[in-house]
2 protein chains.
Amino acid sequence: MSSSKLLKGSLATIVLRLLEENDRMYGYEITQKVKELTAGEFKITEGALYPTLHKLEAEGLLTTETQPVDGRVRKYYSLTKEGNAAARSKVTELEEFIISLQKVLNPKLGLG
Amino acid sequence: MSSSKLLKGSLATIVLRLLEENDRMYGYEITQKVKELTAGEFKITEGALYPTLHKLEAEGLLTTETQPVDGRVRKYYSLTKEGNAAARSKVTELEEFIISLQKVLNPKLGLG
DNA sequence: TCTACATACTTAAGTTTCTTATGTATAAGA
DNA sequence: TCTTATACATAAGAAACTTAAGTATGTAGA
């Protein structure tokens, strides 16, 4: 993910979250969806995305289906059962992280 | 920072933010403050913190003052003028990142 | 007294996760 | 024809951590 070299470690969670919503997606589609959702703020690079997808597949969290579409090959990814569970726990973990982060960035709030 | 190997890249911003609030702090104090603010959720490791402090100092964002206290040496860090500006921009950047991240994690919100 | 834990800082080795760059290949539009 | 978009893969290098080891003092308990 580009867009400010921030927060390394959230890409896998983002991928799992999108697949939770979309049933199946291919790599390029993921890059476009993220760009769309964030109004261009996040630009996921291929060099980051594809290795992440391969890793999640190797861990048994994703399965793939390859299909030719318009003369090009598309590789669709879907969550496995374990992938679903991982998506839930990783998203929760990230949300809790954000809450803690905000406590540090803005200690005044949350004390009342 | 430990606590779930999440979000690499936010430690420098956290340090700058704390120094914005506190005028001067020493390393160990920073680790304790973060632990306190997050109720133990974030545990900043020394191996992460000290190199970060040295780097920020090398970049001219922090200055140091060493003082012996109770027979031990403390190294106090303060923001320079540039450090103040960097703190503002980095905190803003991180907050914007969080907003974008939430758009991806919860695309339903923010559409109405 | 010895042990353990807290305080306080430093640095090296290894890992993870990116960025940047390169390569392959097809389709569409100027 | 050239560029841009679509679509995937992977290697080299950098950044930011974790883990681990080292140095050193103060305090509290067995």
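The model shown is predicted, which means the values in this text are computed figures rather than measured ones. Order of the sequence lines sets the chain letters (A, B, ...), proteins ahead of strands, with each chain counted from 1.
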Taking atom OG1 of Thr63(A) and atom NZ of Lys81(A), what is their separation to the nearest 0.5 Å?
14.0 Å

Donor-acceptor pairs under 3.5 angstrom involving side-chain atoms of residues 71-80 of chain A: please list them, not counting sequence neighbours.
unit_1	atom_1	unit_2	atom_2	d
Arg74(A)	NH1	Tyr76(A)	OH	2.9
Arg74(A)	NH2	Tyr26(A)	OH	3.3
Ser78(A)	OG	Asp23(A)	O	3.3
Thr80(A)	OG1	Gly60(A)	O	2.7
Thr80(A)	OG1	Leu61(A)	O	3.2
Thr80(A)	OG1	Glu82(A)	N	3.4
Thr80(A)	OG1	Gly83(A)	N	2.9

Which nucleotide, dA15(D), dA9(D), dC9(C), lies nearest any side-chain atom of Tyr77(A)?
dA9(D)

Whole-Å distance separating the NZ atom of Lys75(B) from the C1' atom of dT10(C):
9 Å

In whole angstrom, what separates Ile44(B)'s CD1 from dT19(D)'s P?
15 Å

Side-chain N,O (Tyr26(A)) to OP1/OP2 (dA7(D)) below 4.0 Å
yes

Arg72(B) side-chain N/O to dG26(D) phosphate OP1/OP2 under 4.0 Å
no

Glu29(B) CD - dA8(C) P separation (whole Å):
9 Å

Would you jot down, in residue-number order, the residues of residues 48-69 of chain A having a non-hydrogen atom under 4.0 Å from DNA chain D?
Tyr50(A), Pro51(A), His54(A)

Using a 4.0 Å heavy-atom cut-off across all strands, classify Gly47(A) as base, sugar-phosphate, or nothing.
base

Under 4.5 Å between any side-chain heavy atoms of Leu53(A) and Thr64(A), yes or no?
no

Hey, is the main chain of Gln102(A) close enough, under 3.5 Å, to the side chain of Asn106(A) for a donor-acceptor pair?
no

Between Ala12(B) and Tyr76(A), whichever has its closest DNA chain D nucleotide further toward 5' is Tyr76(A)

Protein-nucleotide distance (Asp70(B), atom CG; dC9(C), atom P), rounded to Å
13 Å

The reported gap from NZ in Lys33(A) to CG in Asn22(A) (rounded to nearest 0.5 angstrom) is 5.5 Å

Sequence neighbours excluded - salt bridge (charged side-chain N to carboxylate O under 4.0 Å, His left out) pairs with any residue from residues 51-67 of chain A:
Arg24(A)-Glu65(A), Lys55(A)-Glu59(A)

Using side-chain heavy atoms (C-beta onward) and a distance below 4.5 Å, is Glu95(A) in contact with Val91(A)?
yes

Quick one: is dA14(D) close enough that its OP1 or OP2 comes under 4.0 Å of any side-chain N or O from Lys8(A)?
no

For atom NZ of Lys90(A) and atom C1' of dT16(C), their distance in whole Å
11 Å

